[in-house]
2 protein chains.
Amino acid sequence: MTMPTFPVPVLDQLSRAIFQACGASEQEAAIVAEHLVTSCLMGIESHGLMRIPQYVELVQEQAIRPRSNMVIEEETVTTAVVDCALNFGPVGAIRALEVAMDKAHRQRVSCVVTRRCNHAGRLGAYPQRAAENGFITLAFCNSPPHGHFVLPWGGRQARLATNPISYAIPSLPHPILADFSTAVVPEGKVRLYHNQGRPLPKGWIVDAQGHPSTNTADFYAPTMGAILPFGGEMGHRGYALSLLVEIMGGMLAGYEMTLERPGNGVAFIVIDVEAFLPSDRFAEMVEDMKRYVKSSPPAEGFEEVLLPGELEFRLREKRLREGIPLDEVTWKQIKKTAAALGVKLP
Amino acid sequence: MTMPTFPVPVLDQLSRAIFQACGASEQEAAIVAEHLVTSCLMGIESHGLMRIPQYVELVQEQAIRPRSNMVIEEETVTTAVVDCALNFGPVGAIRALEVAMDKAHRQRVSCVVTRRCNHAGRLGAYPQRAAENGFITLAFCNSPPHGHFVLPWGGRQARLATNPISYAIPSLPHPILADFSTAVVPEGKVRLYHNQGRPLPKGWIVDAQGHPSTNTADFYAPTMGAILPFGGEMGHRGYALSLLVEIMGGMLAGYEMTLERPGNGVAFIVIDVEAFLPSDRFAEMVEDMKRYVKSSPPAEGFEEVLLPGELEFRLREKRLREGIPLDEVTWKQIKKTAAALGVKLP
């Protein structure tokens, strides 16, 4: 089945119009639209345009508050807590990133975290943008208890969210970009298998009693199952990374781990490469690294050694030329949302 | 077979005496002895007292240069490159950590990397010390090409070192401390199996042709095999973390990845908790996290949910009381080294 594809400007325009129609400023609408379109371009559909109906609904429930006044709290020369005031998640997280980049530009290193940040979307979007501005960035994103789907190592009841980590390194034609969950998989992936009626690969989940399972129904049972931390037999490492995400994304903003609340907690560490060496020299070194790593002959089943993010950036190129495919369900939902807001379809 | 055990002060004294006898200052000898003894206390024998003969040999070859003059280069208010001048690895890395803590104390966040740092030993030692001083610290440690035992994801020839990552979080009675390789295992662990003539678990190594193997001889063949990146079927994540270690530990110090040289490259990101919230409030939150995570009932085969580092700190308590066990080979080698330097045995 081929999906209908849409030119990028069409989807971008439509998304902006929808978000403006539900109360976002022109600038806010542009940020959210760009976030969702880019996620689709890079193949991360789960954080792409399928979120439009959800975000609009949240605005109508006043859980997302367009045009809210975001303020910087607990500020020092190198650090800040940005109160995102329940604005759209990407608007809040971009604001925090801008504060972090500004501080790193002035002071060389910064650490900025968010308060009251809504669903931040694709975490990699933020380090990616910072890398395009010459910064090395580490990013962490936690979720409050309602997102605690993941086992602590050695336990059989979930206590952690899927807590992704991302980093990006400046490079041309695009950054080196890693973005992954500290759980085996994000919950959305389990849901995808569930909706498709497919069994899960081994090693992804346990049932409510903590027994390994490949049945998605065990995960979504009335007493829920749980996702394993990343790392298989060495899952204590994924668990350790997950706790780091919790501390950076939650605690530094003043949130106890057990405190229920909406949205995500995002944290950025931003480093100015130029504090250490000229950026053109750094760029040469990164090229040396790329060449060296890629000179490893491919393993069976692989065509080449890739850098983190390379596949996604290739897909972006392709989709920029050929358009973004959307499945029928998503497209129907977007059309319905647009119609309800009186937004004309392209 | 029970191993002879030795009281901590005896081993500490002996180690100091040996290092001073081969040229270290009193302070340098104390730092290296403390590093090796603590590694043994915490059960990380591979970075413990078995290193004494190796370090002394390296001093005699002038590869380690006691009393060398370490200097700060490329300094900004928040960043520095510390030239460790080929002093003992722990002496150089502790110096870099001190610079990083001083900057984080003044500016709230810092990032410090090393140049000409010898074998840094147990990476977790540094974040551990910083956490005891109230700082959150992330640490990265790379190795030059002679340590490239690890496959890049999708490749069949090694291009990366085992590149550990560590972090520590202030907490009482001891920090939360994670310290692990971004490869499935450090090379030393493969060597241990090799020396014991045991087959490796599946999923650790490939032979020179890139085929999975459990035979340590395939790893140590004339054309060497390679260790897999951490993560099993999701080894692209371990690979991505490894590249981050390479960039932080190597490139920011000005070293190309392909440049052969001795020692390790260590990088620290240090964050002052007090920039975000009072440290006693943070401590309460960490306690809340510990309670919550530990309230997950144990999975089959586990007695309880532990925090990163907890087992190692328990072992430290036990060995502080009962002494440090040393195997016969290690003890014999240490005695031989001491005798050659004219150091009296306890």
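In what follows, chains are A, B, ... by sequence order, proteins preceding strands, each numbered from 1. No experiment lies behind these values; they were computed from the predicted model shown.
When all heavy atoms of A:Ala240 and B:Phe180 are compared, the closest pair comes out as CB-CE2, 4.2 Å. Heavy-atom minimum distance, B:Phe140 versus A:Leu138: CZ-CD2, 4.2 Å. A:Gly155 approaches B:Ser296 most closely through the heavy-atom pair CA-OG, 3.5 Å.
Environment of CD in B:Glu260: crowded, with over 12 heavy atoms of neighbouring residues, nucleotides or ligands closer than 6.0 Å. Heavy-atom contacts from other residues, nucleotides or ligands closer than 6.0 Å to CZ of A:Arg106 number 12 or fewer. Around atom NZ of A:Lys189, no more than 12 heavy atoms belonging to other residues, nucleotides or ligands sit under 6.0 Å away. The environment of B:His105 atom NE2 is sparse: at most 12 non-hydrogen atoms of other residues, nucleotides or ligands sit within 6.0 angstrom.
Residue with the most contacts toward chain A among B:Gly210, B:Gly203, B:Gly254: B:Gly254 (heavy-atom pairs, distance under 4.5 Å). Highest contact tally toward chain B, considering only A:Ser181, A:Gly301, A:Ser110, is held by A:Ser181 [criterion: heavy-atom pairs under 4.5 Å]. Among the candidates B:Ile269, B:Val286, B:Thr258, the residue making the largest number of heavy-atom pairs closer than 4.5 Å to chain A is B:Thr258. Listed options B:Glu284, B:Met248, B:Gln107 were ranked by heavy-atom pairs under 4.5 angstrom with chain A; first place goes to B:Gln107. The choice from B:Val184, B:Leu259, B:Ile271 that makes the most heavy-atom pairs within less than 4.5 Å of chain A is B:Val184. With chain B as the partner, the residue from A:Lys294, A:Glu73, A:Met257 showing the most heavy-atom pairs under 4.5 Å is A:Met257. With chain B as partner, the option from A:Ala80, A:Cys111, A:Gly238 having the largest number of non-hydrogen pairs under 4.5 angstrom is A:Cys111. Most heavy-atom pairs under 4.5 Å with chain B, from the set A:Gly231, A:Pro152, A:Pro297: that is A:Pro297. Most heavy-atom pairs under 4.5 Å with chain B, from the set A:Ala178, A:Gly232, A:Pro298: that is A:Pro298. Chosen from B:Leu177, B:Ile165, B:Ile169, the residue pairing most often with chain A at heavy-atom distances under 4.5 Å is B:Ile169. With respect to chain B, the highest number of heavy-atom pairs below 4.5 Å among A:Ser295, A:Gly250, A:Gly235, A:Ala158 belongs to A:Ser295.
The shortest side-chain heavy-atom distance between A:Trp153 and B:Val305 does not fall under the 4.5 Å cut-off. Proximity of B:Leu307 to A:Leu243: side-chain heavy atoms (C-beta onward) are separated by under 4.5 Å at one or more points. Counting heavy atoms from C-beta on, the side chains of A:Val81 and B:Leu277 never come closer than 4.5 Å. When side chains are defined from C-beta on, B:Leu306 does not count as touching A:Tyr239, because their heavy atoms never get closer than 4.5 Å. With contacts defined as side-chain heavy-atom distances shorter than 4.5 Å, the pair A:Val273/B:Met251 does not qualify.
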>> Determine whether A:Glu256 and B:Glu287 satisfy the following criterion, side chain to side chain contact (heavy atoms under 4.5 Å, CB included), listing intermediate values before the conclusion.
In response: CA-CA 10 Å; A:Glu256 275 179 335; B:Glu287 288 309 308; over 6 Å; no
>> Under the criterion side chain to side chain contact (heavy atoms under 4.5 Å, CB included), I'd like the reasoning laid out for B:Met234 against A:Val185: C-alpha separation, chi angles, the key distance, then a yes or no.
In response: CA-CA 10 Å; B:Met234 288 162 187; A:Val185 282; 4.2 Å; yes
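The CH2 atom of B:Trp204 sits 9.0 Å away from atom CD of A:Glu233, with the distance rounded to the nearest 0.5 Å. Atoms CD and CE, from A:Glu246 and B:Met285 in turn, are 10.0 Å apart once rounded to the nearest 0.5 Å. Here CZ of B:Arg108 is found 11.5 Å from NZ of A:Lys103. Values are rounded to the nearest 0.5 Å.
Side chain of B:Arg159 to main chain of A:Tyr292: a donor-acceptor pair is present (N/O by atom type, distance under 3.5 Å, no hydrogens or angles). Within the 3.5 Å criterion, the main-chain N or O of A:Leu241 finds no donor-acceptor partner in the side chain of B:Tyr167. When atom types are taken as modelled, the side chain of A:Thr76 and the backbone of B:Ala275 share no donor-acceptor pair closer than 3.5 angstrom.
Residue A:Glu300 touches chain B through its side chain alone, counting heavy-atom pairs closer than 4.5 Å. With a threshold of 4.5 angstrom between heavy atoms, B:Leu252 approaches chain A through its backbone and through its side chain. For B:Arg291, no part lies near chain A; criterion is any non-hydrogen pair under 4.5 Å. Of the atoms belonging to B:Tyr255, it is backbone heavy atoms, and not side-chain ones, that fall under 4.5 Å from chain A. Interface remark: A:Ala253 contributes no atoms to any contact with chain B (heavy atom separation under 4.5 Å). Only the side chain of B:Ile136 comes within contact range of chain A, judged by heavy atoms closer than 4.5 Å. Within the 4.5 angstrom heavy-atom criterion, atoms from both the backbone and the side chain of A:Leu244 approach chain B. Neither the backbone nor the side chain of B:Val206 comes within contact range of chain A; no heavy atoms are under 4.5 Å apart. Contact annotation for A:Val293: both backbone and side-chain heavy atoms come within less than 4.5 Å of a heavy atom of chain B.
Side-chain atoms of B:Arg237 and A:Thr182 form no donor-acceptor pair, as typed in the model, at a separation below 3.5 Å.
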